[in-house]
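Taking it in order: structure first as structure tokens, then the write-up.
Computation of the quantities below employed the complete heavy-atom set of this structure, encompassing side-chain atoms and omitting hydrogens, waters and symmetry-equivalent molecules.
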2 protein chains.
Amino acid sequence: MNVSSAATLFKALSDETRIRMLHLLARSGEELCVCELTDALEVSQYNISRHLKVLVQAGLLDRQKIGRWVYFRLPESRSPFLEAILQAIASLDTDITQRDLAELEKRLQLRTNGRCTIGIQKTHLLGRK
Amino acid sequence: MNVSSAATLFKALSDETRIRMLHLLARSGEELCVCELTDALEVSQYNISRHLKVLVQAGLLDRQKIGRWVYFRLPESRSPFLEAILQAIASLDTDITQRDLAELEKRLQLRTNGRCTIGIQKTHLLGRK
DNA sequence: TGCTTAGTTGCGTAATTATGCATATAATAT
DNA sequence: ATATTATATGCATAATTACGCAACTAAGCA
């Protein structure tokens with residue numbers, strides 16, 4: 001980890017939606033697809049998608065496509081630097097983060113065989129008409 | 001610590017100069033004045049001053065004026081969240097951070113009675129003609 | 001061979017940020 | 001008081017970022 005990549009990493013973390021996504025991934029221990037994150041956070045689908053791209057490019061998330069769904073998870077191997085920051089984010093406990101976890105909990109119960117099999121349920125968050 | 005202030009904090013950290021300043025403050029254990037930071041980092045005086053302001057406003061630094069000099073130090077009381085991040089920054093060890101520490105070391109030897117008594121030595125970094 | 005669905009991305013616009021230059025403020029010294 | 005010195009900041013410009021909208025790709029199904 002050098003100064004430049006640390007600055008890039010912090011820049012990727014300098015957004016509320018991205019912090020909330022990482023918090024959910026860290027606390028749930030799950031890998032989550034775009035539509036699950038969209039429903040849990042109640043942010044428009046195209047914004048979720050763009051924020052996820054920022055996190056992947058910063059090395060904060062791994063991406064895996066399964067069928068029509070794309071799953072994101074925290075990288076298995078993390079530097080001490082990254083681990084410390086993810087721990088800090090996971091420790092966030094406020095109205096918003098509690099709500100996010102509760103919404104995700106509900107959403108994860110719609111999985112079948114441990115996988116998401118449906119799209120976005122909160123249709124006003126769709127990135128198309 | 002809530003999501004919004006975490007985002008603000010990370011935004012304040014999303015700049016190389018600001019990370020280098022925090023790194024010096026954490027590793028040296030000293031409080032440092034504007035001209036010492038300017039000489040150590042070799043960044044123009046007005047930019048050092050502006051970056052310091054960002055860090056103070058984000059709650060990452062305390063400011064104390066002594067005579068004509070203004071000293072900055074890490075806050076004595078830190079949340080676990082902040083402590084984890086400062087530890088991570090202090091652990092940075094690269095060409096740049098080693099050089100910064102060496103330059104600061106040299107600069108601190110110009111103190112008398114543990115205080116800076118001179119201005120910027122690298123005159124090309126001054127914010128005036 | 002389409003049609004539907006999960007996700008991505010280009011474009012335009014608005015907001016924010018960094019930096020150089022010049023100047024302002026504030027404390028000390030002559 | 002006036003000049004000097006340490007630090008801060010207003011202004012202009014350039015670069016970056018976020019977001020809504022719309023269109024696009026890609027995978028599975030009829």
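Checking the phosphate oxygens (OP1, OP2) of dA18(D), a side-chain nitrogen or oxygen of R18(A) falls inside 4.0 Å. Within the 4.0 Å cut-off from OP1 or OP2 of dG20(C), at least one side-chain nitrogen or oxygen of N47(B) is found. Note on S44(B): a side-chain N or O is less than 4.0 Å away from OP1 or OP2 of dG20(C). For dT7(D), the OP1/OP2 oxygens have no side-chain nitrogen or oxygen of R63(B) closer than 4.0 Å. Dashed line: the shortest gap from a side-chain N or O of R115(A) to OP1 or OP2 of dA6(C) is not under 4.0 Å. At dT17(C), none of the side-chain N or O atoms of H51(B) fall inside 4.0 Å of OP1 or OP2 (strictly under the cut-off).
Atom CG of L125(B) and atom C1' of dC21(C) are 15 Å apart (whole Å). Taking atom CG of L126(A) as the reference point, atom C1' of dT8(C) lies 14 Å away to the nearest angstrom. Counting to the nearest Å, the P atom of dT9(C) and the CD1 atom of I48(A) are 15 Å from each other. Atom C1' of nucleotide dA26(D) and atom CH2 of W69(A) are separated by 13 Å, given to the nearest angstrom. If you take CZ of R50(A) and P of dC19(D), they are 8 Å apart, rounded to a whole angstrom. Atom CD1 of I66(A) is separated from atom P of dG7(C) by 11 Å (rounded to the nearest Å). Atoms NZ (K53(A)) and C1' (dT17(D)) sit 14 Å apart, rounded to a whole Å. Taking atom CD1 of residue I120(A) and atom P of nucleotide dT4(C), one finds them 18 Å apart after rounding to whole Å.
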Using the side-chain contact (heavy atoms from CB on, under 4.5 Å) rule, take T38(A) and N47(A) through it: C-alpha gap first, then chi angles, then the decisive distance, then the call. CA-CA 9 Å; T38(A) 301; N47(A) 272 320; over 6 Å; no
Go through K11(A) and E16(B) one step at a time and tell me if the salt bridge (Lys or Arg N to Asp or Glu O under 4.0 Å) criterion holds. CA-CA 11 Å; K11(A) 187 170 299 182; E16(B) 291 193 37; over 6 Å; no
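A residue-by-residue look at R68(A) and L52(A) shows that R68(A) has its nearest nucleotide of DNA chain C further toward the 5' end. The nearest heavy atom of DNA chain D to K11(A) and to G67(A) marks one nucleotide each, and the one closer to the 5' end goes with K11(A).
Using a 4.0 Å heavy-atom distance criterion, L37(A) is classed as making no nucleic acid contact. At the heavy-atom level, I118(A) lies under 4.0 Å from the strands shown only through sugar-phosphate atoms.
For R99(A), the salt bridge (charged side-chain N to carboxylate O under 4.0 Å, His left out) test picks out E42(A), with sequence neighbours left out.
Between the side chain of Q45(B) and the base of dA8(D), at least one donor-acceptor pair of N or O atoms lies under 3.5 Å.
For the pair R18(B) and F10(A), the cation does not sit on the ring face, since its NZ or CZ is not both under 6.0 Å from the ring centre and inside 45° of the axis.
Closest to the side chain of F72(B), from the set dA8(D), dG20(C), dT5(D), is dA8(D). Closest contact between the side chain of Y46(A) and the listed nucleotides dA29(C), dA8(D), dG20(D) involves dG20(D).
Ionic pairing of R63(B) and E31(B) is not present here: no N-O contact between side-chain nitrogen and carboxylate oxygen is shorter than 4.0 angstrom.
No side-chain donor-acceptor contact under 3.5 Å links S49(B) to the backbone of Q45(B).
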